[in-house]
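Only heavy atoms go into these numbers, but all of them, side chains included; no hydrogens, no water, no symmetry mates.
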Number of protein chains: 2
Amino acid sequence: MLTSSQQQLLRVISQSGPLSRTDLATSMGLSKAAMSGIARDLISLGVLHETETIYGQGRPSILLDLHPEGAFFVGISLLEDPAAMVLSDFNGSIVARQTMPRSRDPDVIAELIAETLPKLLAEREDAVRKLYGIGIALSGFVDEKQANCVQSTLLGWKDVPLASIVRQKTGIDTFIENDAKAVAVSEKLFGSTRDVQNFSVVSFDDGIGCAHFVGGKLYRGNHGGAGEIAHCTIEPNGSPCRCGKRGCLDTVASMKAIKEMAKAEGLACSSLDDLENEASLGNAAAIRILHRAGNALGLAIAHLIQFNDPGMILITHVEGRFDGLFGTVMRQAAEANVLPRYAGQTPIRNQRVDGDVWARGAASIAAHNFLIGPSPN
Amino acid sequence: MLTSSQQQLLRVISQSGPLSRTDLATSMGLSKAAMSGIARDLISLGVLHETETIYGQGRPSILLDLHPEGAFFVGISLLEDPAAMVLSDFNGSIVARQTMPRSRDPDVIAELIAETLPKLLAEREDAVRKLYGIGIALSGFVDEKQANCVQSTLLGWKDVPLASIVRQKTGIDTFIENDAKAVAVSEKLFGSTRDVQNFSVVSFDDGIGCAHFVGGKLYRGNHGGAGEIAHCTIEPNGSPCRCGKRGCLDTVASMKAIKEMAKAEGLACSSLDDLENEASLGNAAAIRILHRAGNALGLAIAHLIQFNDPGMILITHVEGRFDGLFGTVMRQAAEANVLPRYAGQTPIRNQRVDGDVWARGAASIAAHNFLIGPSPN
DNA sequence: GTTGATTTGTTCATTTTATGAACTTATTGT
DNA sequence: ACAATAAGTTCATAAAATGAACAAATCAAC
């Protein structure tokens with residue numbers, strides 16, 4: 001679709017933000033002459049456009065940036081019921097949305113997508129010509145081509161080639177991805193980790209997910225399982241987990257676990273904020289639960305830092321504030337369990353996200369394939 | 001030095017082993033015509049040569065492989081005293097060796113290298129013209145250019161630009177690297193992980209080191225600290241570690257820790273094999289120590305698998321056999337602490353290495369830079 | 001104001017790199 | 001012997017990138 005130089009240019013801009021042609025040339029290791037042509041082509045394709053003019057000594061430079069309306073992507077989240085379907089522009093802004101019933105039958109899903117797509121696109125006529133891909137986020141393991149779902153407990157799938165089924169029904173390039181990995185990709189393309197080459201995103205919700213970027217690219221692992229920190233043993237001989245082992249991070253630090261522990265203690269808390277309130281009022285059980293959960297998540301993050309030395313840890317969460325007891329304990333535990341001379345070297349940020357995370361993440365998978373493409377050799 | 005296509009070809013061969021021109025062309029996404037020329041150039045450079053002829057239907061194909069004597073590299077280990085210096089061919093075979101006194105002064109080291117180099121090369125006259133680089137392995141942190149030692153406790157260094165000092169004195173391209181990372185690179189280039197894209201090497205010795213390969217490339221981490229698993233907290237509130245925290249893997253599972261625990265228990269064991277013998281004779285203290293150490297290392301490896309989903313874990317060790325109690329417990333702990341459906345999916349191999357590991361690893365760093373080069377964008 | 005310095009970005013002839021199609025070479029199978 | 005088959009080469013051509021010269025747009029200084 002695009003030449004490799006064109007893709008490289010888009011990749012650099014998506015990582016560094018707007019740049020002049022000259023800066024692009026040097027950062028891509030090409031001549032100004034070559035850049036001139038590549039930029040011209042992408043501008044006439046409508047993917048790139050000139051933005052700000054920077055005045056300095058000499059002729060002013062004109063910054064080039066991705067044209068927000070230069071490419072559109074559809075994102076579908078199979079994590080919710082009904083399934084969310086959004087249309088995203090090149091900035092990750094959602095410009096249209098629809099929902100569709102969630103099914104477990106791949107053919108039915110493809111059919112539903114094909115039916116809902118025209119409704120979605122009807123809201124933005126201009127996007128039809130510039131629709132470059134569909135991304136689907138789901139809970140489960142996905143192969144390295146982002147085409148087959150190797151296994152999904154939630155959907156009851158094993159080796160389902162969803163991407164090609166949808167591609168065939170809609171005629172549009174389709175890619176699927178694990179939920180946490182999709183969130184990481186959207187943060188890399190549209191969020192706060194644009195210019196970070198190596199980082200991990202921890203998605204904190206009912207479950208705990210995680211995904212790594214290494215060298216500016218999503219690292220999926222040999223079986224697509226990189227980042228599955230939820231089932232690392234964090235409390236040896238701890239509580240039994242639904243996975244079959246004991247003391248998994250998931251049994252202590254996920255929202256689901258926190259709520260269950262609260263319930264077991266007889267606390268009427270339905271959210272993290274409720275529990276934080278109780279704790280701030282001095283409720284010993286609430287404090288104990290938040291301490292335990294925060295320590296567990298902090299230790300896992302410390303391992304992450306110690307093992308992989310990322311440039312940033314980003315925790316995304318739908319619920320709750322992260323400036324209470326839980327967040328504080330978590331950060332302290334993370335700092336206390338890394339090599340002292342490392343402590344404070346790796347920024348740990350948290351970011352509240354809205355209910356569109358999964359669908360936006362799904363769309364970003366399609367954008368990622370458009371911008372970065374499949375791994376070269 | 002080499003064009004990017006030439007480098008890519010060498011990289012592919014070093015990963016896949018000998019290939020025909022046609023196979024190379026398809027696996028590199030080039031035409032047969034282009035391959036023909038690239039191969040011709042590399043053969044006349046002496047880097048590549050024709051080996052086996054494969055007969056099938058049609059004209060037989062001729063496999064191309066790296067010419068063992070097509071390129072030579074010098075490896076220097078600053079981990080031992082005296083420091084080891086070896087000359088390695090393109091297969092990782094050591095064809096000459098020297099030693100030199102170990103110094104802590106970078107200028108003295110460079111001087112010593114410059115003095116010893118001619119003696120080393122005198123043993124292999126033909127290597128002089130084909131010496132493509134020097135690699136130096138040391139204990140410490142190295143920057144991403146593999147040029148500056150950011151910090152080394154052992155050598156008492158902070159921000160020492162050793163590579164450029166040596167380069168200036170010798171006139172030869174020089175790169176430095178952390179010890180464990182150097183070992184991982186030598187396994188990737190010359191050892192048993194040639195065709196594995198994602199793996200981690202755990203070097204088990206007096207200390208415990210680790211390094212990751214991701215996507216066929218060494219992943220160094222944002223501060224060069226990826227793989228520093230020795231100081232991950234494995235026994236919360238465990239024994240104090242020299243790093244300042246408690247319960248680090250290093251305090252329980254390193255050879256140094258094992259020997260110290262044995263001594264504390266009054267056992268006269270000076271090696272892992274001694275301790276294994278005691279354990280097999282029923283000595284409760286020996287059994288306890290090996291259990292504790294094996295469990296700790298196994299748990300750390302389980303985390304490694306769970307976090308990064310590598311295609312292989314390779315444990316290199318100078319001392320001991322790994323088929324005794326320690327190895328068994330370690331493997332069981334590793335399997336027991338990963339998501340059950342993962343268990344057994346990630347091969348955990350161990351490999352006994354000789355005293356040349358560090359120097360050979362150092363040489364492989366130079367080879368790696370020749371073959372793979374610095375990270376492209 | 002005018003002039004010079006400075007830097008961006010374009011143009012174009014040239015070089016480098018890769019391609020497609022035709023061809024040669026070396027083998028197996030019949 | 002003769003087709004069938006596949007590897008590897010050759011060569012004219014196309015595609016991609018370069019270097020050098022140049023046009024354009026500004027600042028700074030007098």
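- In this structure, A/Arg349 fails the cation-pi test against A/Phe199, since its NZ or CZ atom is not both closer than 6.0 Å to the six-membered ring centre and inside 45 degrees of the ring normal.
- Put simply, A/Thr22 has no side-chain N or O that comes within less than 4.0 Å of OP1 or OP2 on C/dT7.
- Taking atom CD1 on A/Ile54 and atom P on C/dT7, their separation rounds to 16 Å, with Å as the unit.
- Rounded to an integer number of Å, the gap from CG of A/Asp41 to P of C/dT10 is 12 Å.
- If you find the closest nucleotide of DNA chain D to B/Gly58 and to B/Gly37, the one lying nearer the 5' end belongs to B/Gly58.
- Nucleotides of DNA chain C nearest to A/Pro60 and B/Ala34 differ in position, and the one nearer the 5' end is that of A/Pro60.
- B/Ser36 has no side-chain polar atom (N or O) that falls below the 4.0 Å cut-off from OP1 or OP2 of D/dT10.
- One interatomic measurement links the two molecules: CG of A/Leu48 to P of C/dG9, which rounds to 12 Å at whole-angstrom precision.
- Proximity of B/Thr3 to the phosphate of C/dT17: no side-chain N or O atom is located under 4.0 Å from OP1 or OP2.
- Rounded to whole Å, atom C1' of D/dA7 lies 14 Å from atom CG of B/Leu19.
- Across the protein-nucleic acid pair, A/Gln57 atom CD and C/dG9 atom P stand 16 Å apart, rounded to whole Å.
- Contact between the side-chain N/O atoms of B/Arg21 and the OP1/OP2 oxygens of C/dT25 is not found at any separation under 4.0 Å.
- For A/Ser61, no side-chain nitrogen or oxygen approaches OP1 or OP2 of C/dT8 to under 4.0 Å.
- Rounded to a whole Å, the CD1 atom of B/Ile38 is 9 Å from the P atom of C/dT17.
- For B/Leu63 and D/dG8, the CG to P distance is 8 Å, given to the nearest whole Å.
- As rounded to whole Å, 14 Å separates atom C1' of D/dA17 from atom CD of A/Gln6.
- Across D/dT10, D/dT18, C/dG9, the shortest atom-to-atom separation from the side chain of A/Leu30 is found for D/dT18.
- When all heavy atoms are compared, the tightest approach of A/Val86 to A/Arg360 is CG2-N, 4.3 Å.
- Nearest-nucleotide mapping onto DNA chain D: of A/Gly56 and A/Met35, the residue sitting toward the 5' end is A/Met35.
- Side chain A/Arg59 to base C/dT8: a donor-acceptor pair is found below 3.5 Å.
- Below 30°, between 30° and 60°, or above 60°: for A/Phe73 and A/Tyr132 the angle between ring planes is between 30° and 60°, a tilted geometry.
- In this structure, CZ on B/Arg40 lies 9.0 Å from CZ on B/Arg21, to the nearest 0.5 angstrom.
- The shortest heavy-atom contact between B/Ser200 and B/His212 is OG-ND1, 2.8 Å.
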